[in-house]
Structures are given as C-alpha cells and as structure tokens.
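Read the structure below first, then the notes.
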Amino acid sequence: MAEGIVGSLILQIASSFTSEAGKSLWSCCVEEASMLASVKDDMEDINKELKMIQSVLRKIDPLIADGAPAAVWMEEVREAAYEIEDIIDEFTYFLTGERQRGFLSKTLHLRKNIHARHGVARRLKMIKGTIKEISERRKRYDVGVSEQGSSSSDTKNRTADISPFFLKETDVVGMEKDKETLISWLTDESVKRMEISVCGMGGAGKTTLVAQVYKNTQIVENFECRAWVTVSETYDMDDILRRIIKELFHEKKDGIPQGIDGMDSRRLAEKLHEILETKRYLIVLDDVWKERVWSAIKYVFPDNTSKRRIMFTTRDDETASSLASSNHFLKIEPLKYEMAWKLFCSIAFRDDPEGICPQELWDSARAIVDRCGGLPLAIVTLGGLLYSKHSVEEWRRILESLNWLLNNENSLIDRVSNILMLSFHDLPHYLKNCFLYCSAFPEDYLIKRKKIIRLWVAEGFVEERGERTMEEVAEEYLHKLILKNMLIVADTNNWGRLRACRMHDIVREVAISISKKQNFCMRLETLSPSDKSHRLSINRVNNINGIAPLRKMTHLRSLLVFTPYISDQKHFNINETLSFKLLRVLYLQRALIEGKLDVVGDFFNLRFLSLRNTNVSVLPKSFKKLHNLQTLDLLFTKVKELPSWVSKLPSLRHLLMNRISSRPTKISPGDIWVSKELQTLRGIKSDSELVRQVGYLTQLRTFQIKGVRDSDGIELCASIKNMRFLRHLDVKSTENGKGPLGLETLDPPLLLQKLCLSGRLQGLPRVLCSLTNLRVLVLISSKLSEDPLPFLKSLPNLVFLKLWDAYDREELCFQVNAFTSLKVLDLENLRQVRQLTIEERAMPSLKELILSGCSELKTLPQGIVEYVGGAIGEDARTRS
C-alpha cells in the first residue's frame with residue numbers, strides 16, 4: 001500500500017516539472033527566483049530518494065506482517081509521503097493564488113504570501129531530511145532483506161490449502177457441469193499434451209473443483225502417474241521440479257531417487273523428463289500467479305503422445321488465458337444463491353440427513369449465506385464454524401461479526417481474507433490506489449466505467465503512456481482489476497464493452513480495512529476525531545451538516561457524498577467544505593446543497609466536480625478560477641446556460657450537461673475554447689458560432705449537440721471532420737429532434753463507434769457504409785424515402801440498429817447474409833411499413849428483435865418464425 005502512495009507522489013512531482021501548468025507555475029514570481037530554485041532542487045532530491053524507497057517497497061510490501069520492522073518502516077514512509085503531498089499542494093496553492101490576483105489584491109497580500117511560501121519551503125527542507133533519515137533507518141535495520149527472507153515460507157504455507165482434498169464429492173455443489181467439462185478434456189484421446197487453466201477469484205472454489213477431478217476414479221485410472229504442486233506467489237523453480245518428482249514417486253509408492261535434494265536445475269529437469277517420457281501423466285500446478293512459471297519449465301514435459309495433461313489454477317484471467325492451450329480455459333464464477341445455500345446447509349446442518357435448516361435459524365442463516373457472496377471458501381468456513389452453534393443468539397452474534405469484517409481478529413474469515421489480501425499485494429503499484437478507491441462507493445454500488453476512470457485521473461493515479469490519453473490508460477487499469485478478479489463485471493453495452501462493475505462484498509470489506517489502516521479513505525460513520533484520512537465517503541446519513549471532524553480535515557483530497565435515491569436526499573451545507581483547500585474531487589450527486597457555491601472557486605486543486613441531480617441552477621463566477629478542473633458534471637441540474645468563461649478553463653477534459661431534450665444547456669458565444677484536451681462535450685445547444693468553434697476541439701471522443709438547424713449542417717459537418725479521435729456522435733435537430741438536420745455531407749472519422757442522428761435527412765450520408773468500426777446506429781425521425789438497409793448491411797461490426805420513425809416506404813427487407821454481427825434490432829413507429837421481410841441467413845447473430853408502433857404491419861415478418869423458434873439463441877426475445 002505504501003508503494004502505491006509513493007508511486008502516486010512520484011507521478012505528481014514529475015507532473016509539476018513537465019506539464020504545461022507546472023512549467024507556468026515555476027516561471028511565475030520572478031522576484032523569488034532563488035527560493036523557487038531551492039524548492040525545485042529539494043523536490044528533485046526527494047523524488048530520487050522516493051524512487052529508491054519505491055524499489056525496496058516492491059520487494060517487501062506483499063510479505064510483511066503486523067508488528068514487523070518492515071511494517072513500522074513502511075508506516076513512516078507512508079506518513080512522510082502524505083506530508084510531502086500536502087506541502088507540494090500548499091506551495092502550489094500560494095503560487096497559483098498570487099498569479100490569479102489582481103494588482104491591488106496582490107500588493108495587499110504580498111507580505112503575507114511571501115511569508116507563507118517561505119514557511120512551506122522550510123517544511124520541504126525538513127521533510128527532505130526526514131526522508132533521508134528514513135532511508136538510513138532501513139539500511140540500519142536491514143528492512144527489505146530479512147523481512148522478505150523470513151516471510152517467503154510463511155506465504156507458501158498460508159496459500160497451500162489442503163482442505164479441498166478432504167471434501168466429499170457431495171460437498172462440491174453448483175460445479176457439476178464444470179467438473180464434467182474438465183473430465184472430458186482430461187480423457188480426450190484426440191490431442192497430445194494439453195494445458196488446462198481453471199480461473200476464479202480467491203475463494204471461488206477452483207482448487208476444490210480441480211481436487212475433486214484429480215481424485216476422480218476415472219481420472220486416476222486414465223493416468224499412470226500424477227502430481228499436485230502448489231506454486232503460490234513466491235516460488236523457487238528448483239523446488240517446483242523437485243516437488244513434482246517427489247509427488248510422482250509418492251503417488252506410485254516407489255522409492256524417491258537418491259540425491260535428488262542435491263540436484264541443480266538442469267539435472268532436475270533431465271530427471272523429470274526421463275521419468276515422464278513414456279508415461280501418461282497428469283500434473284496440477286495450483287495457485288499460479290505468473291505465466292512465466294510455465295514458460296520456464298514447459299519443455300521439460302514430453303508432448304509426443306496423448307493422455308499428457310497439465311492443469312493450472314490461477315486467480316488472474318490474463319494468466320489463465322496465456323497458460324491454456326486452444327480453448328481449454330474454464331472460468332469459475334461465484335455460486336448462485338440456491339447452490340450456495342445448499343452447500344452451506346450440507347456443512348452447517350450435516351447431522352440432519354436432509355441438511356435442513358431449523359426454522360428459528362432461517363433468517364440468520366439466509367443473511368449469513370448472502371454475506372458469503374457465493375464464495376465456496378467462505379461458505380465452507382462459516383458452515384464449519386456454525387456446525388457447533390445451536391442457539392439463535394449464537395447465530396445472531398456470528399452474523400453481527402460478519403458486519404464488521406476484519407475490524408477485530410477473527411479466525412472466521414482468516415482464510416478468505418488472507419487470499420484476498422495476497423491478491424491485493426500482488427497488484428502492481430499503479431493499481432493499488434485504484435482498487436482501494438473503489439471501496440469509497442457504497443455496498444453493491446454499480447461503479448460506472450467512465451465515472452471511475454475520470455476519478456482516478458483526477459486523483460493522479462494514472463500515468464501518461466506515449467500518445468495514449470490518461471483515460472485510455474485508466475480503462476486498461478480497470479480491465480486489469482477485472483481480469484485479476486478484484487472487481488466484477490456488472491453491466492456491458494450492446495457490443496460487450498464494460499459499462500459498470502462492482503466490488504464483491506468481502507473484497508470490499510478487505511479494501512475498507514486496508515484503506516482505514518493506511519488513512520487512504522474512510523466512511524463518515526466510522527470516522528473519529530483523530531483520523532487523518534485523505535478521502536471521505538458519506539453515505540445515507542441522517543444529517544451531514546455540522547460534522548465537527550470535517551472542519552479539521554484540511555488535508556482531504558476527495559469528498560464523496562452518496563445519496564443513491566431521490567427519497568434519500570440530504571441537505572448538505574457547502575460551507576462545511578471551507579477548509580478543504582487541497583480538495584481534488586468533490587462529488588455531490590443528488591445532494592440538496594445549502595449555502596453559496598462560491599466557496600468551491602477557492603479549491604484551486606479541484607479536478608473533478610459533480611453536481612449531477614442537484615438543485616444548482618447557476619454557476620458562480622468564482623468557478624473560473626478552477627484552472628485544474630478536468631471534469632464538470634452538470635447532468636440533470638437546473639443549469640440552463642453556461643457562461644462563456646467555461647470555455648476558458650484550461651484543463652477541462654469532460655463537460656457533461658443536461659440530456660433532457662426539452663432543456664438542452666446553452667453556452668454563450670465566446671472565444672475559441674482554451675482547453676485543447678476536451679474529450680467529452682455532452683448536452684450542448686447549438687448556435688452558428690458554437691458550431692464553428694467545436695471544430696477546434698480535435699481531441700473530442702464524445703460529442704452530443706442539440707437544436708442543430710438545417711442552415712448549420714454544412715458547417716457542423718466540417719467541424720466534425722476535424723475530430724479525428726471521435727468515438728460517439730449524437731446530433732439532434734430543432735423541433736425536439738424532428739426538424740431537418742442537413743447532414744448529408746457528414747464525414748465522421750473511421751474510429752466512430754456510435755452514431756445517433758435525430759432529425760429529417762434527405763438521404764443517408766454515403767460515408768456511413770465505410771465506417772468499419774461502427775457498433776451502434778440510431779436513426780430517429782429521419783423520414784427517409786430511400787431504403788437505408790442496402791447501404792448499411794455490410795457494416796462488419798454493427799451490433800445495434802434502431803430505426804424510429806426513420807423510414808417512409810411500405811417495404812423493408814433484410815437480405816440474405818446481411819448484418820452478420822447485428823445482435824439487437826429495434827424498429828419503432830415505422831407507420832408506413834406494411835411488409836417486413838427477413839430472408840434466410842440474414843442477421844445470424846441476432847439476439848433481440850423489438851417491433852413497436854408499426855401500425856400498418858398486420859402480421860409477423862416473413863422469416864420471424866425461425867427466430868422465435870430458437871434460431872437466435874436461448875436468451876433471445878421478441879418484443880412488440
């Protein structure tokens with residue numbers, strides 16, 4: 001965890017030197033050039049020292065235990081890093097404030113600010129000495145060497161769980177199909193050596209499943225020799241080879257070859273190859289963390305005949321995919337609730353022949369199983385513990401203990417938490433802060449992809465990589481956390497792209513415990529006056545005004561207020577944030593804000609501001625001082641017009657405004673947009689000046705504009721042509737999307753993935769048929785007289801097509817071999833269409849067909865019977 005904090009700080013220091021804002025900052029206040037130079041030198045020295053500390057942290061962070069010297073040292077590093085971060089931000093605050101003041105104000109504040117800046121500079125020199133002292137202390141107490149050496153064997157012991165071998169087959173429920181799949185792969189005669197990967201998050205039951213297959217009579221009879229070796233996070237290659245050899249001989253109860261303990265890698269590899277050369281073998285490598293384990297030894301295993309199998313279990317989808325041969329990759333998902341209940345009852349009530357839960361324990365038992373989240377490891381552990389508990393009070397007490405997981409030492413969840421803790425420590429340093437940040441969201445909260453990406457960028461967790469945007473890098477981070485089973489996919493869009501994810505309850509509790517311990521993030525309900533958390537999450541409290549601890553949290557970087565439902569809205573006095581001068585994230589979605597928003601303008605460091613679903617109607621002038629603001633979210637607010645100074649915010653990357661069609665947000669004409677990094681512009685209302693200006697926003701990825709007039713169509717097409725990175729385009733005409741659009745000359749970039757056009761078209765832009773990346777096409781009120789399907793049928797990646805009042809002819813025909821990737825077809829309000837034909841082999845991938853408001857269509861379209869009959873899959877549906 002300390003490694004993640006240090007990593008973020010290194011990124012922040014580097015940015016202060018290399019970014020345009022940083023360069024501008026260091027160039028101001030010429031009269032204090034010598035002081036600035038000294039501060040800059042100190043920061044460079046600190047940065048070098050931090051990089052050395054980071055290299056040590058990468059070795060010891062996963063292996064330390066509470067109370068060990070390394071733990072004490074890491075706490076010192078963490079607190080020093082937090083202090084450096086505060087000092088840098090405070091120094092930036094004073095310089096920024098000086099630059100933004102007018103002449104008279106600057107003169108009045110000069111003496112005060114010079115004194116303050118010099119005070120910050122002195123603190124920086126002191127912390128520089130502290131950092132060097134911390135480094136010397138590490139060397140003096142040999143931190144990072146002894147800790148790693150002493151912990152390695154402990155880690156192996158902790159992860160090598162032998163319990164799966166002693167479970168009965170009847171104890172393994174909900175995995176019958178997976179078991180059959182593995183057995184069929186293992187007994188397949190048609191291939192030579194086969195590598196099989198079984199993947200799942202910690203506690204999902206992958207080792208249990210593989211152990212049951214390993215012991216299966218059919219498998220035992222099919223292989224002459226077998227070996228099971230737990231690899232774990234830390235491993236020694238010689239030790240793996242040696243243990244495989246010993247397992248093979250132990251299995252056959254033959255004498256282990258003499259001298260094996262003294263053999264080096266080459267001799268061990270030769271010996272193993274010799275043993276297996278003529279054998280039908282099954283080798284299980286359990287708990288593999290890295291693909292390189294197999295890469296280093298795979299040539300030792302003969303592959304010239306069938307019945308030679310290597311099985312891996314791993315927590316990482318990416319590792320599993322690289323290890324498996326062909327399609328022999330099996331992902332273990334958490335158990336469905338009823339399967340989880342069955343497993344729990346079979347253990348907790350094993351004395352009952354039917355495994356039936358007594359009625360008086362029903363409510364507690366159901367709640368406990370629910371808390372397990374479908375993880376067999378957690379279910380088995382809890383079932384074993386509760387087997388000896390018979391009173392209602394004892395069960396209620398266990399349930400209460402689950403509600404404060406990890407707050408006290410409790411062997412109840414040791415096995416689960418240890419696995420999850422190891423998974424956390426295995427994360428690269430740049431993912432640790434991102435993962436912990438997700439614990440700020442409420443339980444079972446759907447974490448939207450775009451939202452969490454923008455929050456990570458605002459917090460400074462994301463590093464720039466080449467020409468890729470930080471948002472693109474952050475999305476890669478998100479997918480890595482999902483691949484490592486630290487986050488769960490909760491929703492995807494029509495073409496399979498992640499839309500939202502969530503945290504497993506137990507994973508979240510582990511993340512919360514780490515966050516609290518490291519002062520990373522805390523929840524208001526657990527906050528005490530002595531806490532120094534850098535992030536605060538407020539969720540559904542009765543009154544969030546007048547909270548004394550808030551006023552003391554001057555170092556706060558993120559304040560997130562969650563009121564998920566309108567009925568749960570709470571009044572939030574914005575004046576409570578007066579002391580949060582270093583705030584980077586202010587998330588007030590659905591909060592009933594009291595007080596004047598002017599105070600927010602003083603948060604010079606603010607990068608993310610969400611006022612979504614609030615009663616805000618006017619943006620104060622003080623907001624124009626938010627030179628670091630990256631995201632301004634005004635969706636579903638009462639803001640009807642944006643002042644022109646919004647276009648001058650130099651760091652703005654995402655501007656989100658009302659999507660309510662009757663109230664598109666206006667923006668006053670002004671100068672050309674200052675921020676050339678703007679990537680998202682949503683809900684803006686068109687005018688002739690704006691249509692010309694947006695052509696300068698060449699970095700846009702998402703562009704939504706409303707109220708477009710026919711006369712502005714040519715100019716808008718010219719502007720859109722300049723947006724070479726555009727992925728999502730949504731254009732709506734006047735008359736609430738029913739007026740003429742004038743976009744017949746539209747020529748969007750080839751990268752476009754989603755296109756929504758609302759308004760009358762004389763004809764489809766011919767360039768649409770060349771948009772090979774287009775996934776979603778929505779045409780509303782187009783009133784086309786020409787059949788659009790011949791122009792669209794060959795789009796190779798189109799998965800969603802919606803035609804709403806878009807066609808004014810009587811016949812519509814989906815031809816053979818057309819729309820090969822289409823999954824959803826939505827035809828609504830096509831009032832002129834009398835005949836709809838779907839030819840054989842048209843839309844072979846279709847999953848959902850929606851017919852609505854087609855008043856002249858008296859019968860189901862020709863060919864639809866085959867679709868309804870199941871040709872489009874079990875999950876297909878037709879709606880009319």
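Please read these numbers as outputs of a predicted model, since none were measured by experiment. Just so it is clear, the values below take in all heavy atoms, side chains as well, and ignore hydrogens, waters and symmetry mates.
- Val824 places none of its side-chain heavy atoms less than 4.5 Å from the side chain of Lys847.
- Taking each heavy atom of Thr278 and Glu224 in turn, the nearest pair found is O-OE2, 3.9 Å.
- No more than 12 heavy atoms of other residues, nucleotides or ligands shown are found within 6.0 angstrom of NZ on Lys448.
- The shortest non-hydrogen separation linking Ala269 to Val300 is O-CG1, 3.4 Å.
- Pairing each heavy atom of Trp341 with each of Trp362, the nearest pair is CZ2-CZ3, 3.6 Å.
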Next on the checklist: Applying side-chain contact (heavy atoms from CB on, under 4.5 Å) to Val507 and Leu487, what does each step give before you reach the verdict?
Outcome noted: CA-CA 8 Å; Val507 175; Leu487 296 174; over 6 Å; no

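- Residues Leu446 and Asp491 fail the side-chain proximity criterion, which asks for heavy atoms closer than 4.5 Å.
- Applying the ring-ring contact (aromatic ring centres under 6.0 Å, His included) rule to pairs touching residues 302-322 yields Trp294-Phe312, sequence neighbours excluded.
- Within the 4.5 Å cutoff, the side chain of Val231 has no heavy atoms near those of the Trp289 side chain.
- The two residues Leu186 and Lys307 have their closest heavy-atom pair at O-CD, 4.3 Å.
- Considering only heavy atoms from C-beta on, Asp303 stays 4.5 Å or farther from Arg308 through its side chain.
- Here CZ of Phe301 is found 6.5 Å from CG of Leu276. Values are rounded to the nearest 0.5 Å.
- Remark: side-chain polar atoms of Arg242 are paired, donor with acceptor, to backbone N or O of Ile260 under 3.5 angstrom.
- Annotation: side chain of Leu272 is in contact with side chain of Leu248 (closest heavy-atom distance under 4.5 Å).
- Ion pair Asp370/Arg366 not flagged as a salt bridge, since none of the NZ, NE, NH1 or NH2 atoms sits closer than 4.0 Å to an Asp/Glu carboxylate oxygen.
- With respect to Arg226 and Glu247, no salt bridge is recorded, no charged nitrogen being found less than 4.0 Å from a carboxylate O.
- Under the 3.5 Å distance criterion, with hydrogens and angles disregarded, no donor-acceptor pair is assigned to the side chains of Thr230 and Asp287.
- Taking CG from Asn216 and CD from Glu221, the interatomic distance works out to 9.0 Å, rounded to the nearest 0.5 Å.
- Contact record, Tyr430 with Lys480: OH-NZ, 3.0 Å, taken as the closest heavy-atom pair.
- When the salt bridge (Lys or Arg N to Asp or Glu O under 4.0 Å) test is applied to Glu291, no partner is found at least two apart in sequence or on another chain.
- Minimum heavy-atom separation, Ile512 to Ser439: CG1-CB, 3.9 Å.
- For Lys823, there are no side chain to side chain donor-acceptor pair (under 3.5 Å) partners, not counting sequence neighbours.
- Going from atom CH2 of Trp456 over to atom CG of Leu478 covers 4.5 Å, rounded to the nearest 0.5 Å.
- Between Phe461 and Tyr437, the ring planes are perpendicular. Angles over 60° get that label, and only those under 30° would be called parallel.
- Taken to the nearest 0.5 Å, the OG1 atom of Thr207 stands 5.5 Å off from the CH2 atom of Trp228.
- Put simply, the side chain of Leu323 does not reach to within 4.5 Å of the side chain of Leu285, judged on heavy atoms.
- Between Lys298 and Glu195 no salt bridge is recorded (no basic side-chain N to carboxylate O distance below 4.0 Å).
- For the residue pair Thr187 / Asn222, no side-chain donor-acceptor distance below 3.5 Å is found, with atom types taken as modelled.
- The shortest side-chain heavy-atom distance between Pro302 and Tyr281 falls under the 4.5 Å cut-off.
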